[in-house]
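Each chain gets a letter, A, B and so on, in the order the sequences are listed, and its residues count up from 1.
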Amino acid sequence: MQSVFALVDCNNFYVSCERVFNPKLCGRPVVVLSSNDGCVISRSEEAKAVGVKMGAPLFQIQKLIDTHRVEVYSSNYALYGDMCTRVMDTLRETSPEVEVYSIDEAFIGLSGVTTEQLYAVGRETSERVRKWTGIPVSIGIATTKTLAKVAAHIAKKSSRAEGVVNLVESPYLDAALARVPVENVWGVGRNYARRLKERGICTARELRSAHDGWVRKEMGVAGLRILYELRGTSCLPLEWCPPPKKGITVSRSFGRPVESLEEIREAVAAYVSRAGEKLRRQQLAATTLIVFLATSRFIPESHHAASVVVNLPVPTDITPELIRYAHEGVGHVFRAGHKFKKAGVMLIGLVPVSPIQAGLFDEMNRARARRLMQTVDAVNARMGHDTLRYAGAGLEQNWRARAERRSPGYTTCWNELLTLSPL
DNA sequence: TCTGGGGTCCTAGGACCC
DNA sequence: TCTGGGGTCCTAGGACCC
């Protein structure tokens with residue numbers, strides 16, 4: 001049986017999430033910013049229409065924002081993460097085979113559906129997600145993931161497609177591929193697009209008939225996979241149970257330049273605490289920790305970045321222990337006199353937490369420490385994030401990233417639920 | 001003044017081994 | 001003239017994704 005994939009892609013996801021709880025934003029230009037209120041990472045159609053570019057730094061487009069009275073929001077990941085869960089749960093009504101590909105996209109396996117029914121299933125799915133969650137989606141259906149991506153891309157652009165494009169046994173497949181610029185093909189980024197265009201390959205259709213040997217040489221096996229997928233040979237199976245994580249990173253830009261060792265230590269403790277929570281949620285322990293610090297990369301004259309690898313004697317998921325080693329790392333990378341703009345922690349060498357071998361000279365009572373961590377996590381889950389936190393992470397935390405226009409945690413915080421008032 | 005964060009996979013080259 | 005050959009493992013860097 002030939003495989004069939006649907007790609008469900010939430011339209012302008014972060015903006016759409018804001019609109020669900022604030023309908024006044026509908027029909028208006030709206031953008032959501034990256035962390036530290038830095039760059040535009042989600043735009044409503046109205047914002048795109050007035051010329052707000054993806055990735056634009058806020059300070060560079062301030063005039064545009066003022067002129068067109070664009071609504072600006074800080075990102076609210078608690079809200080978007082929760083809305084993502086609702087969308088994915090809704091998709092599981094359509095098919096049990098759901099691969100959550102990113103916060104706003106999922107592949108669905110539709111191999112059991114007859115070709116005649118595919119479009120109708122797509123429409124039903126789209127309407128259900130809209131009705132149950134308030135999020136508008138575009139859906140592309142095809143025999144490979146790469147073609148499904150192409151289809152969803154067309155669905156998003158076309159006002160006639162009604163949000164669903166089915167390319168399975170479609171007489172329009174050729175014409176559709178001819179209209180897709182090569183840089184919009186999944187897996188073709190800036191660099192490959194440049195090299196392809198130098199060779200006169202400018203559309204998905206032209207890429208499809210490119211020479212295998214040349215693509216293998218220029219783009220490696222990944223390029224070859226793209227080629228086959230465009231030709232209808234499925235190389236990328238659906239992965240509905242996600243493989244375990246290989247690393248966990250927590251890093252943030254500071255709200256202002258930070259020069260003091262004490263504040264860097266606080267920030268790194270806060271980040272590694274967060275990383276520890278993620279580690280425990282996935283029942284993993286880290287064997288290696290990396291701490292890194294950097295000054296602004298936009299001031300090349302004084303740019304300085306450093307990192308240090310700390311090997312942990314016993315794989316661990318215990319926050320105070322992680323903080324201790326992270327602080328040890330800070331001692332190696334910190335240099336007085338630099339204006340640091342960013343810090344981060346990576347945990348790698350992740351192993352399942354259960355059968356950890358204790359070190360010969362390990363003096364920590366790990367069972368006890370783990371029970372403490374469970375209690376801390378449970379309190380924070382119930383009473384709100386950061387209700388209990390380590391003193392080392394600081395109380396004031398005035399190095400924290402800016403988020404001046406964050407919407408309330410409508411779905412994740414008891415104190416911030418939406419309230420309705422009579423007219 | 002102000003410019004995000006978190007991932008994955010692949011490849012080439014060096015070290016090392018027999 | 002001709003300096004072995006073939007593995008494995010690790011790492012850094014590049015490319016990509018959202």
> Is a salt bridge present between A/Asp212 and A/Arg231, judged by a nitrogen-to-oxygen distance below 4.0 Å?
Replying inline: yes
>> Can a side-chain donor-acceptor contact be found between A/Tyr271 and A/Glu266 if the only test is distance below 3.5 angstrom?
In response: no
> When you look for runs of 3 or more Watson-Crick or G-U pairs in a row, both distances below 3.5 Å, which of them include DNA chain C?
Replying inline: B:5-18 with C:5-18
>> Please determine whether a side-chain nitrogen of the Lys or Arg among A/Arg205 and A/Asp174 lies less than 4.0 Å from a carboxylate oxygen of the Asp or Glu.
In response: yes
> Should A/Arg92 and A/Asp89 count as an ion pair when the cut-off is N to O under 4.0 Å?
Replying inline: yes
> Which whole number of Å gives the distance between the P atom of B/dT3 and that of C/dC18?
Replying inline: 25 Å
> Which is true for A/Arg252 with a 4.0 Å heavy-atom rule: it touches a base, it touches only sugar-phosphate, or it touches nothing?
Replying inline: sugar-phosphate
> Given that A/Lys246 and A/Gly255 both sit by DNA chain B, which one's nearest nucleotide is further toward the 5' end?
Replying inline: A/Gly255
> Is there a donor-acceptor contact under 3.5 Å linking the side chains of A/Ser44 and A/Arg28?
Replying inline: no
> Contact class for A/Arg274 vs. all strands (heavy atom < 4.0 Å): base, sugar-phosphate, or nothing?
Replying inline: nothing
>> Strictly distance-based, threshold 3.5 Å: is any side-chain N or O of A/Arg402 a donor or acceptor partner for the main-chain N or O of A/Gly255?
In response: yes
>> Please identify the 5'-most and 3'-most nucleotides of DNA chain C with any atom under 4.0 angstrom from a heavy atom of chain A.
In response: C/dA15 to C/dC18
> With a 4.0 Å cut-off on heavy atoms, is A/Lys149 in touch with a base, just the backbone sugar-phosphate, or nothing at all?
Replying inline: sugar-phosphate
> So what does A/Asp104 touch, heavy atoms closer than 4.0 Å: a base, only the sugar-phosphate, or nothing?
Replying inline: sugar-phosphate
> Between A/Asn311 and A/Thr288, is any side-chain donor less than 3.5 angstrom from a side-chain acceptor?
Replying inline: yes
> Between A/Lys131 and A/Glu93, does a salt bridge (Lys or Arg N to Asp or Glu O under 4.0 Å) hold up when you go through it step by step?
Replying inline: CA-CA 13 Å; A/Lys131 200 165 173 182; A/Glu93 299 278 320; over 6 Å; no
>> Quick check: on DNA chain B, is the nucleotide nearest A/Gly220 upstream (toward 5') of the one nearest A/Phe298, or the reverse? Name the residue that is more 5'.
In response: A/Phe298
> Heavy-atom contacts under 4.0 Å between residues 78-99 of chain A and DNA chain B, which residues?
Replying inline: none
> What is the nucleic acid contact for A/Val185, judged by heavy atoms within less than 4.0 Å: base, sugar-phosphate only, or nothing?
Replying inline: sugar-phosphate
>> Please tell me whether A/Ser138 and A/Asn11 have a donor and an acceptor in their side chains that are separated by less than 3.5 angstrom.
In response: yes
> At under 4.0 Å between heavy atoms, what does A/Gly247 touch on the DNA or RNA strands: base, sugar-phosphate, or nothing?
Replying inline: sugar-phosphate
> Heavy atoms under 4.0 Å, any strand shown: does A/Arg225 hit a base, just sugar-phosphate, or nothing?
Replying inline: sugar-phosphate
> How about A/Ser273 and A/Thr319: does a side-chain donor come under 3.5 Å of a side-chain acceptor?
Replying inline: no
>> Over all strands shown, is A/Leu33 touching base, sugar-phosphate only, or nothing at heavy-atom distances under 4.0 angstrom?
In response: nothing
> Under 4.0 angstrom, heavy atoms only, what part of the nucleic acid is A/Lys339 near: base, sugar-phosphate, or nothing?
Replying inline: nothing
> Distance only, no hydrogens: is a donor on one side chain within 3.5 Å (strictly under) of an acceptor on the other, for A/Arg256 and A/Asn398?
Replying inline: yes
> Among A/Leu79, A/Leu33, A/Asn76, A/Ile103, whose side-chain contact (heavy atoms from CB on, under 4.5 Å) with A/Tyr14 holds?
Replying inline: A/Ile103
> For A/Glu105, which contact category applies under a 4.0 Å heavy-atom criterion: base, sugar-phosphate, or nothing?
Replying inline: sugar-phosphate
